[in-house]
Amino acid sequence: MSKNHRGSGIRSLPNHGRGTCAICKKTDIKVLFEKEIEGATVNICKYCNAALKNKAKKAASEAPAAEAPATE
């Protein structure tokens with residue numbers, strides 16, 4: 001089966017969605033995710049997006065464990 005519509009969402013973006021990531025500073029990488037960092041909305045790559053999600057997930061899982069009192 002053909003994949004005619006793959007990537008059609010980024011064809012209309014300038015430079016086909018490629019640019020410089022605001023976090024890792026890689027150039028000519030697809031920057032498709034908009035995140036608010038330090039009060040500004042910036043475009044970041046999928047690797048930095050995943051890193052931010054993993055960091056938030058780890059912090060969320062550690063927070064309830066630290067707050068729960070130990071019962072014996």
Side-chain angles (χ1 to χ4, degrees):
M1 300 183 89
S2 65
K3 309 277 194 269
N4 292 336
H5 303 292
R6 184 174 286 183
S8 63
I10 64 172
R11 289 184 194 141
S12 61
L13 296 175
N15 214 9
H16 296 284
R18 293 186 179 268
T20 303
C21 179
I23 296 177
C24 64
K25 307 297 185 210
K26 287 183 183 176
T27 57
D28 295 327
I29 192 167
K30 290 181 186 173
V31 286
L32 302 174
F33 301 94
E34 288 186 356
K35 292 288 181 177
E36 185 173 330
I37 299 173
E38 299 175 2
T41 303
V42 294
N43 290 336
I44 60 173
C45 63
K46 74 176 189 177
Y47 304 109
C48 293
N49 186 44
L52 289 174
K53 282 186 177 181
N54 287 334
K55 188 184 291 186
K57 185 178 177 182
K58 186 175 180 182
S61 67
E62 290 177 354
E67 294 174 4
T71 58
E72 294 182 23

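Just so you know, these numbers use all the heavy atoms, side chains as well, and skip hydrogens, waters and symmetry mates.
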Going by the rule side-chain contact (heavy atoms from CB on, under 4.5 Å), which residues pair with [X] if we only count those two or more places apart in sequence or in a different chain?
X     : result
Thr41 : Glu34
Asn49 : Phe33, Lys35, Ile44, Lys53
Arg11 : Ser8, His16

Legend entry - Which residues share a side-chain hydrogen bond (donor to acceptor under 3.5 Å, both in side chains) with Asp28, sequence neighbours left out: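 With sequence neighbours excluded, Asp28 shows a side-chain hydrogen bond (donor to acceptor under 3.5 Å, both in side chains) to no residue whatsoever.
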| task | For Ser12, check side-chain hydrogen bond (donor to acceptor under 3.5 Å, both in side chains) against everything at least two apart and list the hits. | result |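 If we apply the side-chain hydrogen bond (donor to acceptor under 3.5 Å, both in side chains) test to Ser12, skipping adjacent residues, there are no hits.
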Handout entry: Co-members of Val31 in a cluster of I, L, V, M, F, W and Y side chains, linked at under 4.5 Å
Key =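 Val31 shares its hydrophobic cluster with Ile29, Tyr47.
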>> To check you understand the geometry: which heavy-atom pair defines the closest contact between Cys21 and Cys45, and what is its length?
In response: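 That closest heavy-atom pairing would be SG-N, 3.5 Å.
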If you round to the nearest 0.5 Å, how far is CD1 of Ile37 from CD1 of Ile23?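 Output value for this atom pair is 3.5 Å.
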